[in-house]
Protein chains: 2
Amino acid sequence: MPKITIKDIAVESGFSLKTVSRVLNDEKYVKNSTKEKILKIIDDLNFEPDYFAKNLKSKKTRTIGLILGDIENPYYSSLSKGVIDYLEMRDYTTMLCNTNYNSEICNRYINALISKEIDGIILSSLKVPDKTIDKIISKNIPLVLIEVEYESFPDLDCINFDSYGAEVLAAEYLISLGHERIFYLVGPKILDVDVRVKGFRDTLKKHRIIFDNSYFSEPLISFEDGYACVKKMIESKSGFTAIIAVNDFIALGAMKAVYDMGLEIPRDISLIGFDDIKYSSISRVPLTTVSEPDYELGRLSAERLIRKIENPKERILPRKITIKPALIIRDSCKPNRFPN
Amino acid sequence: MPKITIKDIAVESGFSLKTVSRVLNDEKYVKNSTKEKILKIIDDLNFEPDYFAKNLKSKKTRTIGLILGDIENPYYSSLSKGVIDYLEMRDYTTMLCNTNYNSEICNRYINALISKEIDGIILSSLKVPDKTIDKIISKNIPLVLIEVEYESFPDLDCINFDSYGAEVLAAEYLISLGHERIFYLVGPKILDVDVRVKGFRDTLKKHRIIFDNSYFSEPLISFEDGYACVKKMIESKSGFTAIIAVNDFIALGAMKAVYDMGLEIPRDISLIGFDDIKYSSISRVPLTTVSEPDYELGRLSAERLIRKIENPKERILPRKITIKPALIIRDSCKPNRFPN
DNA sequence: CTGAAAGCGCTTACAG
DNA sequence: CTGAAAGCGCTTACAG
C-alpha cells in the first residue's frame, strides 16, 4: 500500500497542492467550503503528513532536548516532570537525554540533538566544554541552563539556585551544633559542584576550623556510591561527627550505610542532605536538608525556552533567575557530644 | 551563511553526489584515496548531513519512543534508565513520553511518535485502546510491551512480570500473620491493575475471608495520593489492620501518613508494597515488599526492540518472558494482635 | 569503483 | 482566495 501524500488529496479534491498545504497548516485565505471538503478527504483517506518532508523546508520539529545527569536521582525525575508537563501542554515533545554524568555521552547527545534539528535545549546542571556550548550558540539553537554557569558565556539564560548559600546554611547549622569534623560527600566533577564545596569550605574557614583533603570524598554519583563511601568511612574509624551530602540521593545511601553498620542517626553521626526529595521526609530518620524546588526549576526553564523559541526576535533579558535555599530541619542532626 | 550540502562537498572534491553519499554512509566500493579526500573536505568545511533530507528516503531515525506512566515514580525512572543505557550503547536515542497515566496524552504521544517516524516503541504497563495498538501494528512499527497484555493481540512481544503471583504472595503472607481486614491501595485504571487486584481477591476468597468494595481505595497515582488516602482511612477509624499498596511509591506515602497521624508501623498497622524501590530499604520502617527488577525489565525490552528493528525478517518468537516475583521481608509487617 | 538522473513529500516564493 | 513551478538536501535504482 503506497503512502498517501498531499498529491493524492489534491487530485481527489480537485484543488492544488498548495491549497491542501494551506489547509494542513491552518493558514488564512482558504474558502470555508474548500477547507471542509479537503478536511473530509484527509480524514477519509487517513492521510498524515510526512514528518521529514514537512521539516525539510520549514524546520520546526516541536521537540526539545533535555539533558541531565541521572534520571534515577529523584531530583532529576521531578525536574524532568516539570519540564515535560509544561511542554506537553504547549504541544511540544521532549527528548530526555540521560548522560550518567559522562561528558562524552553528553557531547554525543548534543550532537544528536543538533542533527535532529530540535527546536531548543535545556541543559541541567552539567558543565560541558566551552566548545560544545559554542556549537549550540553558533547553530542558533535556543538554550536554557539550569543551575550551571559558564564564565565564558555570561549572557546565557539560566535558572539558577543559590547552591553556595545553601551549603553555607548547612555548614553553619552543623557548626552551631558543635560539629567541627564534618565529612563532605562530593558529587561528580561534571556537575558544577565546586560552588557547593566552596560554600562548605568558606564556612569552615570563617569559623577557623582546620580541615584538609580527608574531609572530602571521591566524586560520588549514586545512592550506592554514598552507601559504599560511608561504610568505608565508618570502618576506618575516621572520627567524623557529621556528614554533608551533595544531594539527598547520596545522603540516603549514606544513611543506609550508617544503619547497616549498626550505628544510628543522629545519635552517632549527624547528616545533612541537599534537594529535599520526597523520600527524605519518610526516611529511616527524617532527613535535615536544604530544599530545592526541582519541579518548579524544570517548569520555569521550560517556559523560558518556549518563549525564546517562539519569539526569536524578542530580546529576552539574559536575566539569571536565582532561587533562594531554605534549610529544612528534621531529625538527622543533633548537638555534638564531644566538642573539641 | 548558506548551509553546506553534499553538493558543496561534491564540487570541492570533484566527485559526484553519489560518491559523497557513499562515504557518508560508509558504503562499500569507494577507493580509499577518494574516501580520505572526501572525508578531509567534509571535515574542513564542517559539513553535517541534514537529518530530514536524509530520512526523507531512508527513514531510519535511530530514535525510539518509551511511553510510561509517571517518571517521578522510581520504578519508572529505574526502568527508563535500563532502556536508555542500552539504547545509548547501541547508538540509539530515546524519546521519553510521560503520560501521567492519562490515556488521552498517551494517545497524543503515540501519534506524535508515529508522525516523527521513530524506529520503534516500548510501551510500559499502560493499557491503551485497541485502536491505538492497531495503528502501531498497521504502520509496521516494532513494539515491545512491558508488563501489559492485550487480549486482542496475543502475539505482541512482551516482557512480563507475574503480578498476579506477586499479590498472592503478599496476601498470603499477611493472612499467615493473622490479618483479615486488609486495605488495598489501587493504582490508576490505565495500568493493568486488574490482575494485581485479582491476585489479592482470589487469595482472600481462598481463605474464605469476606470482603467488599470498602477494601479497595479509589485509583491512586502518586506518593501524595497514598498519603491522603491513608490519612483519611485512619481518620475514619475503619479498623483495617494491614495495607497492601499497588506500588512502593504509594506505599511510602501511606507510611508517611501513618506516622503523621501518630501511629506506627508495624505496631498499629502492617504495610506491604510492590516493586522494591531503593527508598523502601531506608524508609522510616524498612518496607516489606515484592521485588520487581525494574532496571532489567527496561534493559531486556530495549534489547528485544532493537533486535526487532534491526532484523525485521527474523521471526522473533512472540515469546512472553515472564519474570517471577519474590517477597522481600523487612520490618513493616507483624502478627495481628486481634485476630478474629 | 563511480556517476547522471529522478524522486522522496512537502513548502516557498511568486503570480494571478 | 487559488495554483504552477521550483526547490529543500539527501538517496535510490540503474548504468557503466
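Hydrogens, waters and symmetry mates are skipped; everything else that's a heavy atom, side chains included, is used. Bear in mind that the values here come from a model prediction, so they are computed numbers and not experimental data.
Annotation: salt bridge (Lys or Arg N to Asp or Glu O under 4.0 Å) contacts involving residues 114-129 of chain A, sequence neighbours excluded, comprise A:K59-A:E117, A:E117-B:K3. Screening residues 75-85 of chain B for salt bridge (Lys or Arg N to Asp or Glu O under 4.0 Å), with sequence neighbours left out, gives A:D70-B:K81, A:E72-B:K81.
With hydrogens and angles left out, the side-chain atoms of B:T19 and B:S16 include a donor and acceptor closer than 3.5 Å. Between the side chains of B:K131 and B:N107, not a single donor N or O lies within less than 3.5 Å of an accepting N or O.
Ring geometry for B:F52 against A:Y51 counts as perpendicular: the plane angle is over 60°, on a 0 to 90° scale with 30° as the lower cut.
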Which donor-acceptor pairs under 3.5 Å do side chains of residues 27-37 of chain B form with protein atoms, sequence neighbours excluded?
{"from": "B:T34", "atom 1": "OG1", "to": "B:K31", "atom 2": "O", "distance (Å)": "3.1"}
{"from": "B:K35", "atom 1": "NZ", "to": "B:D26", "atom 2": "OD1", "distance (Å)": "3.0"}

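Here the closest heavy-atom approach between residue B:I323 and residue B:P293 is recorded as CG2-CG, 3.8 Å.
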Could you walk me through whether B:D294 and B:S78 pass the side chain to side chain donor-acceptor pair (under 3.5 Å) test, one step at a time?
-> CA-CA 6 Å; B:D294 37 24; B:S78 184; 3.2 Å; yes
Given the rule that a pair is Watson-Crick or G-U wobble with both distances under 3.5 Å, how would you write DNA chain C in dot-bracket, using | for pairs to a different strand?
-> |||.||||||||.|||
Under 4.0 Å protein heavy-atom contacts per nucleotide of nucleotides 6-13 of chain C, with B for base, S for backbone only and - for none = -BBBSBB-
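With contacts defined as side-chain heavy-atom distances shorter than 4.5 Å, the pair A:L79/A:S124 qualifies.
Across residues 29-37 of chain A, A:Y29, A:V30, A:K31, A:T34 each have a non-hydrogen atom less than 4.0 Å from an atom of DNA chain D (numbered order).
For the pair A:R299 and A:Y86, the cation does not sit on the ring face, since its NZ or CZ is not both under 6.0 Å from the ring centre and inside 45° of the axis.
In this model, the phosphate group of C:dT2 is not approached by any side-chain N or O of B:S16 to a distance below 4.0 Å at OP1 or OP2.
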